[in-house]
Amino acid sequence: MPADTNPYGGVFGGWLMAQMALGAGSLASREGKGKAVVVSATDFAFPGAMQVDDELSVYCAIATTGTTSLTITAEAIARERNGEAETKVAQGTFKFVLLNDVNKPRAVNAAALSANH
């Protein structure tokens, strides 16, 4: 959308970060079996430019597991709308804390995490 563009017509980096946070949050909630909130976002880089009509894919992986937290790396790849060319447009790291029903940090249950992480 035009509101998500920078003055040069490219996709605004803040919008990319938001999409990456949504993807990472989905992984954190699924693997943590409940509520997970982002507490930090670090190590961001924007190596490529995304155009308004590009398709965005976000790939996430759990990097580390703490007592109550999951650190997740995210990578954003743009594919041109009418072709196959892909460009890495962003990468970064999010830290999520798992919360219980009263919004207090809860322990990560290692047995609940997928065997492939």
Enquirer: Starting from the C-alpha separation in whole Å, work towards a yes-or-no answer on side-chain contact (heavy atoms from CB on, under 4.5 Å) for Asn103 and Val37.
Expert: CA-CA 10 Å; Asn103 294 321; Val37 296; over 6 Å; no
Enquirer: Is the number of heavy atoms from other residues, nucleotides or ligands under 6.0 Å of Asp53 CG greater than 12?
Expert: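 Yes.
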Enquirer: I need the minimum non-hydrogen distance between Ala90 and Met20, along with the two atoms involved.
Expert: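 So the two residues come closest at CB-SD, 3.6 Å.
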Enquirer: Is it true that Glu55 and Arg79 have a side-chain N and a carboxylate O under 4.0 angstrom from each other?
Expert: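 Looking at Glu55 and Arg79, the cut-off is met.
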Enquirer: Nearest 0.5 angstrom please: Asp43 CG to Thr73 OG1, how far?
Expert: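 So the gap between those two atoms works out to 10.5 Å.
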Enquirer: Just how far is it from atom CD of Glu31 to atom SG of Cys60, taken to the nearest 0.5 Å?
Expert: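 One finds 11.5 Å between CD of Glu31 and SG of Cys60.
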Enquirer: Are Phe94 and Phe44 close enough, and set up right, to give a ring pair (Phe, Tyr, Trp, His ring centres under 6.0 Å), and what steps lead you there?
Expert: CA-CA 10 Å; Phe94 294 93; Phe44 273 83; 5.3 Å; yes
Enquirer: How long is the gap from CG on Leu16 to CG on Asp4, to the nearest 0.5 Å?
Expert: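 The CG atom of Leu16 sits 9.5 Å away from the CG atom of Asp4.
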Enquirer: Do the side-chain N and O atoms of Lys35 and Asn100 include a donor-acceptor pair separated by under 3.5 angstrom?
Expert: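 The criterion, which ignores hydrogens and geometry beyond distance, is not satisfied for Asn100 and Lys35.
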Enquirer: Atom OG1 of Thr68 and atom CG of Leu99: how far apart are they, to the nearest 0.5 Å?
Expert: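 Going from OG1 on Thr68 over to CG on Leu99, the span is 8.5 Å.
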Enquirer: Given Ile62 and Thr71, is the side-chain contact (heavy atoms from CB on, under 4.5 Å) satisfied, shown in steps?
Expert: CA-CA 6 Å; Ile62 296 174; Thr71 301; over 6 Å; no
Enquirer: Output yes when a side-chain donor or acceptor of Ser29 lies under 3.5 Å from a complementary backbone atom of Gly25, and no otherwise.
Expert: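 At least one qualifying donor-acceptor pair exists.
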Enquirer: Which pair of non-hydrogen atoms, one from Leu56 and one from Ala76, has the smallest distance, and what is that distance?
Expert: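 Shortest heavy-atom contact: CD1-CB, 3.8 Å.
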Enquirer: Run the side-chain contact (heavy atoms from CB on, under 4.5 Å) check on Ile77 and Val89 step by step: do they pass?
Expert: CA-CA 6 Å; Ile77 306 292; Val89 293; over 6 Å; no
Enquirer: Which atoms form the tightest heavy-atom contact between Ala28 and Phe96, and what is the distance?
Expert: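 Reported closest heavy-atom pair: CB-CG, 3.7 Å.
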Enquirer: Between Met17 and Phe46, is the side-chain contact (heavy atoms from CB on, under 4.5 Å) condition met? List the steps.
Expert: CA-CA 10 Å; Met17 288 178 70; Phe46 300 90; 3.8 Å; yes
Enquirer: Would you name the heavy atoms of Leu98 and Ala107 that are closest together and state the gap between them?
Expert: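 It is CD1-O, 4.5 Å.
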Enquirer: With clusters defined by side-chain heavy atoms of hydrophobic residues (ILVMFWY) lying less than 4.5 Å apart, directly or transitively, does Val108 cluster with Val97?
Expert: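 Per the 4.5 Å side-chain linkage, Val97 and Val108 are not co-clustered.
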Enquirer: I need the Met50 CE to Glu80 CD distance, nearest 0.5 Å.
Expert: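 The distance works out to 12.5 Å.
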Enquirer: Between atom CD1 of Ile72 and atom NZ of Lys95, what is the distance when rounded to the nearest 0.5 Å?
Expert: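 The NZ atom of Lys95 is 12.0 Å from CD1 of Ile72, to the nearest 0.5 Å.
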